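The structure displayed is predicted, hence computed values, not measured ones.
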Amino acid sequence: MASIRRTLSPAYHDRSYQNGANSAFPVTTSPSHKLLPNGKYSSSLPLPSINAVAVSLRRFFSSRKIWRKSLYRCLLFFVLGLVLGMTPFGHVTDIDNRDVFFEIKPPHVNVQLDSDNGDRISKRDEIVLDSVSLGVDLINEEKIVESFRYDFAPRKQLIVITPTYNRAMQAYFLNRLAQVLRLVRPPVLWIVVEAKAASFETAEMLRKTGVMYRHLVSQQNSSNVKDRGVHQRNAGLEHIERHRLDGIVYFADDDNVYSIELFESLREISRFGTWPVAMLAQSKNKAILEGPICNGSHVIGWHTNDKSKRLRRFHVDMSGFAFNSTILWNPKRWRRSFSNPIRQLATVKEGFQETTFIKQVVEDEYQMEGTPSGCSRILNWHLHLDSHNLAYPRGWLLQKNLDVVLPLK
């Protein structure tokens with residue numbers, strides 16, 4: 001490798017400066033510097049050779065390769081360490097197969113007790129506090145779930161079947177029942193069944209109630225049936241059976257009056273529940289109480305009138321009972337001896353529709369539940385307020401509701 005070496009020349013002590021003064025300090029010069037006549041220096045150093053430049057470039061690029069190799073090695077070891085760190089080694093015991101408990105036991109403490117006469121007696125008593133257990137029992141997940149409290153309580157679904165037909169007070173009856181169902185805690189399914197065809201007014205009203213509903217139509221002819229709601233209730237029962245809806249089925253006519261407490265008590269029914277109903281007689285001059293007599297939740301008798309007490313098996317109104325919907329589509333669960341569909345019969349005489357239907361659901365009073373306990377409260381009324389002389393208004397609106405118009409004076 002070529003090198004440039006500068007050697008010092010002997011000192012010139014008799015050198016004069018431009019200002020003519022002699023220097024007090026020695027001045028050294030090198031042979032490569034010459035003094036020109038005008039007093040200036042000229043350098044005669046040789047320029048760097050091509051070999052020196054090549055060597056310098058080779059060193060520069062070789063140093064870059066060394067740094068690059070070092071960087072690649074660091075990245076390789078980093079990735080290898082990351083993979084090895086994430087790879088499990090050995091056997092990990094499942095925490096679900098054993099109990100994990102953390103106990104904190106304090107050390108023994110020396111306590112000095114004072115006697116009654118004021119003499120202080122030193123005693124070495126061992127006082128052991130109860131162990132503080134910060135335990136996590138992970139044997140069974142059900143125990144963990146039971147240790148928490150949830151505000152949400154699962155509730156049975158209420159399936160309310162309401163037959164309706166076109167008449168003067170239909171809008172009033174349906175809206176009143178819809179407002180009651182809206183106040184009942186969900187889940188509630190309202191099955192509204194119309195006869196022959198679905199009306200636009202009923203469909204529009206159902207969309208505005210805010211209650212989960214299903215709008216059905218019964219095509220059966222009910223002109224020769226004394227109870228026109230028989231085919232409509234059967235259409236609702238068929239819908240529940242086909243779709244296997246799970247809940248408590250209740251027949252709620254639109255012209256009755258219901259309390260919210262009644263619908264809340266329906267969720268306590270296991271198989272079949274019944275309660276007394278106050279009814280307004282057809283003549284509208286007296287009220288009749290009909291329903292069970294209960295000892296707690298056990299049915300021991302019936303309230304009824306003198307005319308029908310020997311003819312009917314169960315003295316209950318159509319709006320005075322409810323039952324589990326699984327009886328319709330799961331007979332094995334309830335050990336039913338027959339598999340025929342449970343339906344209301346259109347050939348039954350008036351007043352016996354409830355009895356013939358209940359016989360298909362239960363065998364006797366031992367399979368019934370009185371609700372609420374004691375059956376001592378009236379939770380709904382069966383009213384007869386319809387007037388057969390009023391025509392059904394189109395669109396539920398009266399075009400002319402004033403007979404006389406008096407001008408202002």
Side-chain angles (χ1 to χ4, degrees), residues 155-223 225 227-264 266 318-319 322 325 344 379-403 405:
R155 293 185 290 267
K156 292 183 181 179
Q157 179 177 225
L158 301 182
I159 307 174
V160 182
I161 300 178
T162 301
T164 185
Y165 60 95
N166 298 339
R167 60 195 190 278
M169 302 184 68
Q170 181 186 11
Y172 168 72
F173 290 149
L174 286 177
N175 278 282
R176 183 180 60 182
L177 180 56
Q179 295 301 323
V180 176
L181 295 178
R182 189 175 182 179
L183 299 177
V184 180
R185 293 183 299 174
V188 178
L189 176 60
W190 191 19
I191 301 179
V192 179
V193 187
E194 287 195 283
K196 296 182 180 180
S199 63
F200 172 79
E201 292 81 7
T202 302
E204 185 180 11
M205 187 275 299
L206 292 176
R207 287 194 295 266
K208 298 179 180 179
T209 57
V211 181
M212 183 171 60
Y213 72 93
R214 296 187 182 180
H215 192 187
L216 307 181
V217 177
S218 175
Q219 301 294 343
Q220 297 290 335
N221 186 13
S222 59
S223 59
V225 181
D227 186 357
R228 66 174 63 201
V230 170
H231 295 307
Q232 295 168 260
R233 297 189 190 99
N234 287 338
L237 294 175
E238 183 181 358
H239 182 82
I240 296 173
E241 183 178 353
R242 185 189 312 116
H243 297 280
R244 293 179 175 269
L245 302 179
D246 191 4
I248 303 298
V249 182
Y250 178 52
F251 299 116
D253 293 341
D254 55 1
D255 58 345
N256 293 349
V257 178
Y258 306 94
S259 63
I260 300 178
E261 185 181 356
L262 170 64
F263 293 97
E264 295 296 339
L266 296 182
M318 187 64 70
S319 61
S325 65
Q344 294 188 5
L379 301 180
N380 65 310
W381 281 76
H382 186 184
L383 306 178
H384 300 276
L385 301 178
D386 281 342
S387 179
H388 300 285
N389 298 326
L390 295 178
Y392 172 72
R394 185 177 180 180
W396 290 349
L397 298 175
L398 297 177
Q399 301 298 330
K400 186 177 180 181
N401 56 356
L402 298 176
D403 296 332
V405 179

Tell me the closest heavy-atom pair linking [X] and [Y], and the distance in Å.
X: Arg207; Y: Tyr213; answer: CG-OH, 3.3 Å
X: Ile161; Y: Arg233; answer: CG2-CA, 4.3 Å
X: Val188; Y: Arg185; answer: CG2-O, 3.5 Å
X: Met205; Y: Thr209; answer: O-CG2, 3.1 Å
X: Ala252; Y: Pro163; answer: O-CD, 4.4 Å
X: His382; Y: Asn256; answer: CD2-OD1, 2.9 Å

Any side-chain heavy-atom pair of [X] and [Y] under 4.5 Å:
X: Glu201; Y: Leu174; value: no
X: Phe263; Y: Val180; value: yes
X: Ser319; Y: Trp381; value: no
X: Leu383; Y: Asp255; value: no
X: Gln179; Y: Leu183; value: no
X: Val257; Y: Arg176; value: yes

Taking [X] for its side chain and [Y] for its backbone only, find out whether a donor-acceptor pair lies under 3.5 Å.
X: Arg155; Y: Pro186; answer: yes
X: Ser325; Y: Gly247; answer: yes
X: Asn380; Y: Leu262; answer: no

Return the [atom1] to [atom2] distance between [X] and [Y], rounded to the nearest 0.5 Å.
X: Leu177; Y: Asp253; atom1: CG; atom2: CG; result: 9.5 Å
X: Gln220; Y: Arg228; atom1: CD; atom2: CZ; result: 15.5 Å
X: Gln157; Y: Met212; atom1: CD; atom2: CE; result: 5.0 Å
X: His243; Y: Glu238; atom1: NE2; atom2: CD; result: 9.0 Å
X: Leu189; Y: Ile248; atom1: CG; atom2: CD1; result: 13.0 Å
X: Glu264; Y: Ser259; atom1: CD; atom2: OG; result: 10.0 Å

Decide side chain to side chain contact (heavy atoms under 4.5 Å, CB included) for Ile240 and Ile191; before the verdict, give the C-alpha distance in whole Å, the side-chain angles of both, and the deciding distance to 0.1 Å. CA-CA 10 Å; Ile240 296 173; Ile191 301 179; 4.0 Å; yes
Only one of Thr162, Thr202, Thr164 passes side-chain hydrogen bond (donor to acceptor under 3.5 Å, both in side chains) with Glu194; say which it is.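 For Glu194, the side-chain hydrogen bond (donor to acceptor under 3.5 Å, both in side chains) test succeeds with only one of Thr162, Thr202, Thr164, which is Thr202.
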Using the rule given for side chain to side chain contact (heavy atoms under 4.5 Å, CB included), can you reason through Tyr258 versus Leu181, listing the C-alpha separation, both sets of side-chain angles and the distance that settles it, and then say yes or no? CA-CA 9 Å; Tyr258 306 94; Leu181 295 178; over 6 Å; no
Steps toward salt bridge (charged side-chain N to carboxylate O under 4.0 Å, His left out) verdict (Asp254, Arg167): CA-CA 12 Å; Asp254 55 1; Arg167 60 195 190 278; 2.7 Å; yes
